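Structure first, commentary second.
Worth knowing before you read on, the calculation uses all heavy atoms, side chains too, and leaves out hydrogens, waters and symmetry mates. Nothing here was measured: the structure is a model prediction, and the numbers come from that model. One is the number of the first residue; the rest follow in order along the sequence.
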Amino acid sequence: MFSTLRRAMFLRRFPAPAKRAFSSKVSDEINLRVLDELNQEMQSIFGAEPPATMDYPELNSSIGSLESSKPESSRQYEQPPKVVTEDISKLTHVGVSGEAQMVDVSSKDNTKRTALACCKVILGKRVFDLVLANQMGKGDVLGVAKIAGINGAKQTSSLIPLCHNIALTHVRVDLRLNPEDFSVDIEGEASCTGKTGVEMEAMTAVSVAGLTVYDMCKAASKDISITDVRLERKTGGKSGYWSRGE
């Protein structure tokens, strides 16, 4: 911007010569001392970038034409982002000023709550056959992963910072080999009677079980994938019953 203003002021003070005057001698025709004085004068006037509202019709017109020539996507990108606040009250783990907070559930009623989650571990045919035959070097893959998933559900509040420490009444983790896509289908369920739900406990159970399957099998393949970690169903609490797809 500064260099553009300097050029604009220079052109005002020294009008461009006619075409016939342009030659290799043009630099000799302009006194270098005068140019140096002009530069010093401009620096004393425009030491900082002038505000956009300054009245330079020719310059503002040039800048406007440059802005209008930019692609629409570029001009949209340069606009300041809008702050979305209309649904902020629905994010219970966010305080009024945007900071993280643990939800106070003391005023809630104790109700029976359940949650069902699932995930899938894609092994590939070779590893699938090894697990099916129980020939993995670390031993019983599905048995170890089942215990790990149950233990993971009980440790949820230690792993997820703003989760409450819930007194679980039941945790179930089931693993089934699926020959259709050479995977392990994992299902986890958690239950409690309390003031907050157990969705995170169910999803932590299947996530930890899936990670354990990977750990038990990684010596045979690094190409194992853990996918589709999701909540399938929950009951209890203020929101009541919810099921995926209903």
_For Lys120 versus Ser183, what's the shortest heavy-atom pair and its separation?_
NZ-OG, 3.3 Å

*Of all the heavy-atom pairs spanning Leu175 and Ala145, show the shortest one and how long it is.*
CD2-CB, 3.6 Å

_Please check this pair: side chain of Arg126 against backbone of Ala220, looking for a donor-acceptor N/O pair closer than 3.5 Å._
yes

_Heavy-atom donor-acceptor pair, Lys234 side chain to Gly236 backbone, under 3.5 Å_ = yes

*asked:* Assess whether a salt bridge exists between Asp215 and Lys138, defined as any Lys/Arg side-chain N lying under 4.0 Å from an Asp/Glu carboxylate O.
replied: yes

*What distance do Ile150 atom CD1 and Gln155 atom CD have between them, rounded to the nearest 0.5 Å?*
13.0 Å

*So how far is it from Asp228 CG to Cys118 SG, rounded to the nearest 0.5 Å?*
7.0 Å

*Mind checking whether Met216 and Ile122 sit in one hydrophobic cluster, side chains of I, L, V, M, F, W, Y counted as touching below 4.5 Å?*
no

*Verify side-chain contact (heavy atoms from CB on, under 4.5 Å) between Val208 and Asn151, making sure each step is shown before the conclusion.*
CA-CA 9 Å; Val208 172; Asn151 189 58; over 6 Å; no

_Asp223 backbone acceptor or donor facing Ser221 side chain under 3.5 Å_ = yes

*Could you grab the distance from atom CZ of Phe128 to atom CG of Asp181, nearest 0.5 Å is fine?*
8.5 Å

*Stepwise, does the side-chain contact (heavy atoms from CB on, under 4.5 Å) test hold for Val173 with Val171?*
CA-CA 7 Å; Val173 176; Val171 177; 4.3 Å; yes

*Closest approach of Thr111 and Gly237, non-hydrogen atoms and distance?*
OG1-N, 3.2 Å

*Taking the side chain as C-beta and beyond, is there a heavy-atom pair between Val206 and Val229 under 4.5 Å?*
yes

*Within the distance-only criterion (no hydrogens, no angle test), does the side chain of Thr212 pair as donor or acceptor with the backbone N or O of Ala148 below 3.5 angstrom?*
no

*asked:* For residues 215-246, which residue pairs pass the ring pair (Phe, Tyr, Trp, His ring centres under 6.0 Å) check, not counting sequence neighbours?
replied: none

*In Å and rounded to the nearest 0.5 Å, what is the CG to OG1 distance from Asn165 to Thr196?*
11.5 Å

*Ser106 and Lys195: which non-hydrogen atoms are nearest, and at how many Å?*
O-NZ, 3.4 Å

*Arg244 side chain to Leu231 main-chain N or O, any donor-acceptor pair under 3.5 Å?*
yes

*asked:* Do Val184 and Leu123 have side chains that approach each other closer than 4.5 Å (heavy atoms only, starting at C-beta)?
replied: yes

*Begin with the C-alpha distance, continue with both residues' side-chain angles, and end with the deciding distance and a verdict on side-chain contact (heavy atoms from CB on, under 4.5 Å) for Val131 and Cys217.*
CA-CA 8 Å; Val131 174; Cys217 300; 3.7 Å; yes

*asked:* When you group the ILVMFWY residues by side-chain heavy-atom contacts below 4.5 Å and let the links chain together, are Met203 and Ile166 in the same group?
replied: no

*Could you name each residue pair satisfying ring pair (Phe, Tyr, Trp, His ring centres under 6.0 Å) that touches residues 211-231, not counting sequence neighbours?*
none

*State, without any angle test, whether Thr235 and Thr114 hold a side-chain donor-acceptor pair at a distance under 3.5 Å.*
yes

*Taking atom CG of Asp140 and atom CG of Asn134, what is their separation to the nearest 0.5 Å?*
5.0 Å

*Beyond-backbone contact of Thr156 with Leu159, side-chain heavy atoms, under 4.5 angstrom*: no

*Indicate the atoms forming the closest heavy-atom contact of Ala202 with Ala115, along with that distance.*
CB-O, 3.6 Å

_Gly197 backbone acceptor or donor facing His164 side chain under 3.5 Å_ = no

*Minimum heavy-atom separation for Gly194 to Arg113, with atom names?*
O-NE, 2.9 Å

*Is the shortest distance from a Lys or Arg side-chain nitrogen in Arg176 or Glu187 to a carboxylate oxygen in the other one below 4.0 Å?*
no

*Lys222 side chain vs Lys218 backbone, donor-acceptor pair below 3.5 Å*: yes

*Kindly compute the distance separating CD (Glu201) from OG (Ser157), expressed to the nearest 0.5 Å.*
7.5 Å

*Residues Thr193 and Lys112: side-chain donor-acceptor under 3.5 angstrom*: no

*Run the side-chain contact (heavy atoms from CB on, under 4.5 Å) check on Arg233 and Glu199 step by step: do they pass?*
CA-CA 9 Å; Arg233 184 178 69 246; Glu199 295 95 323; over 6 Å; no

*Path from Leu116 to Met200 over hydrophobic side-chain contacts below 4.5 Å*: no

*asked:* Show, in sequence, the C-alpha distance, side-chain angles and deciding distance for Lys238 and Asp109, and conclude whether the salt bridge (charged side-chain N to carboxylate O under 4.0 Å, His left out) test is met.
replied: CA-CA 9 Å; Lys238 183 179 180 180; Asp109 296 329; over 6 Å; no

*For Pro179, does its backbone N or O pair with a side-chain atom of Lys125 as donor and acceptor, under 3.5 Å?*
no

*asked:* If we ignore hydrogens and angles and just use 3.5 Å, is the side chain of Arg172 paired with the main-chain N or O of Ala190 as donor and acceptor?
replied: no

